[in-house]
Amino acid sequence: MSKKTNLLLQFFSSVKLTIVLLILIVLVFILASFLPQHRETAEVVKQLSPNAAKLFLFFGLADLYHSPLFYLLMVLLSFNLIICSLQRLPVSLKQYRASCFPEPSGLFENIPDNRVIFTDKEKAQASPILEACLREKYGNSKKSETERGLLFCVERRRFSIFGVYAVHLGILIMIAGAVAGSLFGFEADVNITEGESIDTVRIAHGKEIRKLDFSVRCDKFTVELYDNGAPKTYRSDLSFIRNNQVESKGALLVNHPLTFADLRFYQMSYGVSPETKAIMTYSDDRQKSAEIALTQGDFFAIPQYNIHAHVLRVEENVMQMGPAVKLQISASGKDFPLWIFQQIDEIAAANPGLFSQVPVFNPGLFKPVVFSLKRLERQYFTGLHIVRDPGVPFVAAGGALMVAGLLIIFLLPHRRIWVKIQESGTKTAIIVAGRSNRHSAGLEKQIAGLRDLIRRKIPS
Amino acid sequence: MSHETIFSWVTFIYFASFVLYLFQVVLDKNFWGRTASLFARVGLAAHTLAIFWRWKASYDLGIGHVPLTNLYESLIFFAWTIILIYLILEWRIKSRSAGVCVVPVAFLAMAYASIAPGISDKIEPLIPALQSNWLTSHVVTCFMGYAAFTVAFGCGIIYLVQDAIMGKTEKKTGISGRLPSLTLLDALIYQCATLGFIFLTIGIMTGSIWAHYAWGSYWSWDPKETWSLITWLIYAIMLHSQYVRGWHGKRMALFAFIGFASVLFTYLGVNYLPGLHSYLKS
């Protein structure tokens, strides 16, 4: 290995680097949470002087989570994590394979006398009882006769040594998943008016328009409210259509996304479409037409009377007289405007002679046809959030691995307990000691428990 | 009588318990400690009862949901988890001295819930975004984490006090004799931080799964998300420095302090930043 690579390895394998990187990442996060990020950027930059604005944009302060600075820190952290883990792995493997004997040096030192069990029983007599104690508490134990006395060893959860690798690998898999998601996934927002369908979406944070190989129709949008006016349910009934065939139908609710093809659909927002629908009918002496739904700009015709109508305006309230539609009627080669009010009967009753003074308010102006406005319908549109994120399974797997690793490290620590039995003057001494890869409070408890058990079984 | 009345009684009981814990440290009479502990337990029992009562009350209103859905309810639950974890700790270490630093946090949370302006104690129906099975697991794990960090903070404060006294006298006398040993406090800080770290990790994970189903993205860099990650990283640094560099004692106590400040900002501070988790906006 050349000196250079060696230096590089040393740099990346230091835990100091990890701590420095983590602190830097924390600082970036703190900064980012206080500075306005992407959406409001334009407004902030406008308020800054030109130089400050340049600086602001150069350091990616406007979008720190996607800035080169943040990416660099994440790459360094990933390298650091990989190299630290690889360098430690042989040590852990050695630990994993390590035999219980000889015991670690210094194990039985500094143990106060009151924690040593003294008994009058001979060593040969006490040993089998001791072994039975260990079996009762831990199952089988290993033993080794040494010049310093007979040694027993029990070991639990050796696999815990590898918990830390599960955590680090989990984090790396999550980072990989996030990268995969941002490279190969996309997000888009789209509004669909009730009854209509879309087959193109505009990708978020970009100008790209993407055509889908199917279309989505919003059959119905419903808002339910609680008594206090707070929203209870937003629900879009969607149809997914391919080759003019409905392949799938489903109700989309907040917290209940739908999946079609490799896309996931989320209920994100809703609104009232600027287009208001006018429901109209017309009649002559004999019959009444079916209801027709019209929006501004629509045309319709009554062929038997050679009347063509163009919807110029659809209004919620005209001159305090309620909903009305303004039509442009073409009949016998001429164009006439005509206002059709929904409450025309009441208006006419309150203003005698209205139709002779203002003929354009007369729904029966083109005899024998009489127009009538049944009602206005406000049209909802549903706001869908569409996502493709191939990274999600990786992030989920990485997260699960990480949590499993943490639980193994902290709740199931590796523990080894040694018990030494030796002659000590006229008596026999039994000493219990242990080692753990974690904080020793739990181990202390185990040792104390074992000591109590031995004291009970082998009275002094 | 209503659950709100019980909550205000519980607030006073926790305050009394805090004062009694204080007496115990200053006056060296076991009686005070025992009474303080009794108050905390009675308070916790009443607190538990009132939470279930509120839960039931929401069903009686026809808008039944677990009482963990607004700032008021979260503060109440925060106080509950603090006392719960503290009492378990007290029972395990057989020492009542940490109470003087932990119980007041629970009292303050309860008091803040009832007197702070703009906090509504009304049972509100759930808006669509909150109607999720992940709500309970997310909130419970997060607050268990917060509470464990609070207890670690309490132990950290006592560590610093004990350290300051011991530094002068070198001997455990007076107040110092009634406080747990530095070794025990060091172990407690580490254990509580560990417990909090595990809960916070699971809390962030469950929140992330919920966000995946609700917003279509498991991570949106919302200020609350960012700050929970900051808190997580602070405790990650703490645990690593303990394990790899062998830091302990005063430095760990300091970490418990910084970590707790970050917890408070994650919980309450970010409400003043714009974001999806804002309790105040609704």
Side-chain angles (χ1 to χ4, degrees), chain A residues 15-16 18-19 22-23 25-26 29-30 32-34 36-38 40 64-66 84 164 177-178 181 187 224 226-228 230-235 253-257 264-268 385-387 389 391-392 395-396 399-400 402-403 406-407 409-411 437-442 444, chain B residues 62-63 93 122 124-135 184 186-188 190-191 194-195 197-198 201-202 204-205 208-210 212-219 221-227 229-231 233-234 236-237 239-245 248 262 265 270 273-275 282:
Chain A
V15 181
K16 263 188 206 154
T18 321
I19 294 189
L22 289 180
I23 291 173
I25 291 173
V26 165
F29 284 164
I30 293 177
S33 73
F34 282 100
Q37 299 293 301
H38 38 164
E40 304 94 344
L64 272 170
Y65 303 118
H66 304 97
C84 265
V164 59
E187 281 175 70
E224 272 179 63
Y226 290 109
D227 297 336
N228 69 355
K232 183 182 184 183
T233 317
Y234 304 129
R235 172 189 165 124
L253 292 111
V254 181
N255 275 309
H256 300 277
R264 291 194 322 269
F265 293 80
Y266 294 86
Q267 181 68 56
M268 220 43 182
H385 187 59
I386 305 174
V387 179
D389 189 346
V392 164
V395 175
M402 181 178 137
V403 170
L406 279 179
L407 293 178
I409 295 173
F410 291 117
L411 301 185
N437 62 339
R438 282 292 126 193
H439 215 280
S440 45
E444 292 292 325
Chain B
I63 48 173
I93 66 167
K122 276 213 195 73
E124 301 281 358
L126 283 187
I127 58 164
L130 294 181
Q131 296 164 11
S132 168
N133 294 330
W134 293 98
L135 172 85
L184 179 60
D186 190 36
L188 287 180
Y190 178 80
Q191 283 178 4
T194 306
L195 187 70
F197 189 67
I198 292 174
T201 310
I202 300 173
I204 294 176
M205 295 278 171
S208 181
I209 299 171
W210 183 9
H212 170 80
Y213 286 109
W215 300 324
S217 168
Y218 54 85
W219 198 265
W221 296 114
D222 166 74
K224 191 135 193 148
E225 290 174 352
T226 305
W227 271 92
L229 195 56
I230 291 171
T231 306
L233 286 172
I234 290 174
I237 295 171
L239 298 180
H240 277 88
S241 65
Q242 205 270 352
Y243 184 55
V244 182
R245 307 210 60 87
H248 60 94
S262 179
F265 195 82
V270 290
L273 300 173
S282 58

Q: Measure A/Ala396 against the heavy atoms of chain B and call it side chain, backbone, both or neither at under 4.5 Å.
A: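 Looking at A/Ala396, nothing touches chain B.
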
Q: Under a 4.5 Å heavy-atom cutoff, which of A/His385, A/His256, A/Met268, A/Arg264 has the most pairs with chain B?
A: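 Highest number of pairs under 4.5 Å: A/Arg264.
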
Q: Can you tell me which portion of A/Val15 sits under 4.5 Å from chain B's heavy atoms? Options are side chain, backbone, both or neither.
A: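 The answer is the side chain of A/Val15.
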
Q: Between chain A and each of B/Phe197, B/Tyr218, B/Trp134, count heavy-atom pairs under 4.5 Å; write down the option with the most.
A: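 If we count pairs closer than 4.5 Å to chain A, B/Tyr218 comes out on top.
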
Q: Name the member of B/Pro128, B/Ala236, B/Ala214 that forms the most heavy-atom pairs with chain A at distances under 4.5 Å.
A: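 Of B/Pro128, B/Ala236, B/Ala214, B/Pro128 has the most heavy-atom pairs under 4.5 Å with chain A.
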
Q: Let me know if B/Thr194 has heavy atoms under 4.5 Å from chain A in its side chain, its backbone, both or neither.
A: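 Side chain of B/Thr194 only, per the 4.5 Å heavy-atom cut-off to chain A.
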
Q: By a 4.5 Å heavy-atom criterion (distance strictly below it), what part of A/Tyr226 contacts chain B: side chain, backbone, both, or neither?
A: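 Answer is side chain: those atoms of A/Tyr226 sit under 4.5 Å from chain B.
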
Q: Using heavy-atom distances under 4.5 Å, tell me whether B/Trp219 contacts chain A through its side chain, its backbone, both, or neither.
A: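 When you check distances to chain A, no heavy atom of B/Trp219 falls under 4.5 Å.
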
Q: Out of B/Ser132, B/Ala129, B/Pro125, return the one with the most heavy atom pairs under 4.5 angstrom to chain A.
A: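 Counting heavy-atom pairs under 4.5 Å, the top option is B/Pro125.
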
Q: What is the ring orientation for A/Phe34 with B/Trp227, classed by angle as parallel under 30°, tilted 30 to 60°, or perpendicular over 60°?
A: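 Because their plane-to-plane angle is over 60°, the rings of A/Phe34 and B/Trp227 count as perpendicular.
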
Q: Report the option among A/Pro231, A/Gly399, A/Gly181, A/Ala400 that has the most heavy-atom pairs separated by less than 4.5 Å from atoms of chain B.
A: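 Among the listed options, the one with the most contacts to chain B is A/Pro231.
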
Q: Can you find a pair of side-chain heavy atoms, one from B/Ser217 and one from A/Val387, that are under 4.5 Å apart?
A: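 B/Ser217 does not reach A/Val387 side chain to side chain.
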
Q: Pick whichever of A/Ala178, A/Pro257, A/Ala230 has the most heavy-atom pairs under 4.5 Å with chain B.
A: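 Highest number of heavy-atom pairs under 4.5 Å: A/Pro257.
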
Q: Would you call the rings of A/Tyr65 and B/Trp221 parallel, tilted or perpendicular, where under 30° means parallel and over 60° means perpendicular?
A: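 The arrangement is parallel - the two ring planes meet at less than 30°.
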
Q: Measuring heavy-atom distances to chain A, does B/Ile63 have an atom under 4.5 Å in its side chain, in its backbone, in both, or in neither?
A: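 Contact with chain A: side chain only.
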
Q: Of the listed residues (A/Ile386, A/Ile30, A/Thr18, A/Ile25), which shares the most heavy-atom pairs with chain B below a 4.5 Å separation?
A: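 Option with the top pair count is A/Ile30.
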
Q: Go through A/Leu411, A/Ile23, A/Val392 and name the one with the most non-hydrogen pairs under 4.5 angstrom from chain B.
A: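 Max contact count across the listed options: A/Val392.
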
Q: Between B/Met205 and A/Val403, is there a side-chain heavy-atom distance shorter than 4.5 Å?
A: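 Yes, at least one pair of side-chain atoms sits under 4.5 Å.
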
Q: If you tally heavy-atom pairs under 4.5 Å against chain B, which of A/Asp227, A/Leu407, A/Leu253, A/Asn228 wins?
A: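 Looking at each option in turn, the highest pair count goes to A/Asn228.
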
Q: Pick out which of B/Trp210, B/Tyr213, B/Trp215 makes a side-chain hydrogen bond (donor to acceptor under 3.5 Å, both in side chains) with A/Asn255.
A: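 The option that passes is B/Trp210.
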
Q: Given a strict heavy-atom distance threshold of 4.5 Å, which part of B/His212 is in contact with chain A: side chain, backbone, both, or neither?
A: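 Its backbone and side chain both get close to chain A.
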
Q: So which of B/Leu233, B/Ile204, B/Asn133 has the largest heavy-atom pair count under 4.5 angstrom toward chain A?
A: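 Counting heavy-atom pairs under 4.5 Å, the top option is B/Leu233.
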
